[in-house]
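Whatever order the structure lists them in is the order used to number ligands and atoms, beginning at 1. Not measured: the values here are computed from a predicted model. One is the number of the first residue; the rest follow in order along the sequence.
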Amino acid sequence: MRASALHSDVIVFVSDVWQTTCTAVRGGDEGFLIDSPVYPEELRALPDVLEQAGFPVSGLLATHGDWDHLLGRLAFPGASLGCAESTAQRLAAEPGDAQRRLRSFDSEHYVEGRPPLALGSLQRLPVPGRLELGAGHELELIAADGHTADGAAYWIPWLGVLVCGDYLSPVEIPMLSPGGSIDGYRATLQRLDELVRSASWVIPGHGAPLESDGARTILAQDIAYLTQLADQPEAVTLSPSRNTAAQRRIHEANLALPRA
Ligand SMILES: [Zn+2]
């Protein structure tokens, strides 16, 4: 797992698998941890690393309900997990699904010794909405669906940091999971566009943090990809930096997803 301090109040952890990101943000004597790394070793390291850095964890947040973003309580079992209302609804509709998918990942990769994942009672956050952090700071929640049917991006206005979930990834093309949609995905990118322009950092759900220009390049590539996918799916080309076997498999799955 890589850790980088983007700012004196923001640390980003990037997991060794799928480059799943986990963002710690501090506001005074409070702090949130958004999403999670994946491997047990990485989760075990978090409390010590954050304590040494003087980052309190007063609550956990998730950008969306895919299991690899929900593991924060394995590192902080006493903390409560907040998420968009849409994510809470999804998780309530598929009880135990995240735990089953985690088990299946662990069994596939011979990962042992992980305690069961208990999400606890979720704190449902209105989107769009605001969430207080410490004295005088508020995170803004922006609807971010399209990758899945649920989700929120977190804008940290006083630091110019956007934690956007599974959008704007330098390592993954737009992935339409069941429940996701091309139109929803494009609408989310349009909502994020203005924030991306004014951001000092954009932290995607997968891949290293991006400065504004890099994120804008990916946003343009992803709009172009989704437009081709909708209008001329047979003519789609993947951007050279993301044209790998794994990304071509995601593209095949996108093609197979039923259209509304
Ligand atoms: Zn993801």
Side-chain angles (χ1 to χ4, degrees), residues 1-2 12-24 32-40 42-43 46 60-75 81-84 86-88 90-91 94 97-106 108-109 111 114 117 119 122 127 141-154 162-182 184-185 188-189 192 202-210 215 218-219 221-222 225-226 238 242 244 246-254 257:
M1 176 169 74
R2 281 176 284 150
V12 179
F13 301 91
V14 181
S15 177
D16 284 343
V17 64
W18 300 321
Q19 298 193 36
T20 304
T21 64
C22 170
T23 303
F32 289 132
L33 195 63
I34 307 173
D35 289 351
S36 61
V38 176
Y39 285 128
E42 299 173 334
L43 289 155
L46 281 180
L60 306 169
L61 296 170
T63 55
H64 63 298
D66 284 354
W67 71 267
D68 57 316
H69 301 262
L70 296 176
L71 307 180
R73 274 173 54 97
L74 293 173
L81 176 63
C83 60
S86 58
T87 297
R90 170 185 163 189
L91 293 171
E94 47 188 48
D97 189 66
Q99 163 71 2
R100 276 191 295 279
R101 288 176 190 273
L102 171 63
R103 281 267 173 273
S104 133
F105 173 88
D106 284 353
E108 178 82 19
H109 300 278
V111 175
R114 202 189 302 255
L117 175 66
L119 297 178
L122 297 170
V127 179
L141 283 73
I142 299 109
D145 56 296
H147 159 58
T148 54
D150 67 298
Y154 298 88
L162 177 66
V163 182
C164 59
D166 282 4
Y167 302 88
L168 303 174
S169 168
V171 293
E172 190 173 271
I173 64 167
M175 182 196 283
L176 303 172
S177 299
S181 72
I182 294 177
Y185 204 117
T188 290
L189 291 180
L192 296 180
V202 174
I203 303 170
H206 300 272
L210 301 156
I218 289 168
L219 194 147
Q221 286 174 356
D222 288 355
Y225 170 79
L226 293 162
L238 302 186
R242 290 179 286 176
T244 63
Q247 299 314 302
R248 288 192 291 275
R249 278 196 299 277
I250 293 174
H251 174 56
E252 291 303 317
N254 287 343
L257 200 78

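Not a single side-chain hydrogen bond (donor to acceptor under 3.5 Å, both in side chains) links Arg100 to another residue, sequence neighbours left out. Checked against salt bridge (Lys or Arg N to Asp or Glu O under 4.0 Å), Arg242 has the following partners two or more places apart in sequence or in another chain: Asp222. In this structure, the side-chain hydrogen bond (donor to acceptor under 3.5 Å, both in side chains) partners of Asp97, at least two apart in sequence or on a different chain, are Arg101.
Residues His251 and Tyr225 place their aromatic rings such that the two centres sit under 6.0 Å apart.
Distances from the Zn ion (ligand 1) under 2.8 Å pick out these protein N/O/S atoms: His69 NE2, Asp166 OD2, His206 NE2.
Screening Asp35, Thr87, Asp166 for a side chain to side chain donor-acceptor pair (under 3.5 Å) with His64, the sole residue that qualifies is Asp166.
Aromatic ring orientation, Trp67 versus Phe105: tilted (interplanar angle from 30° to 60°).
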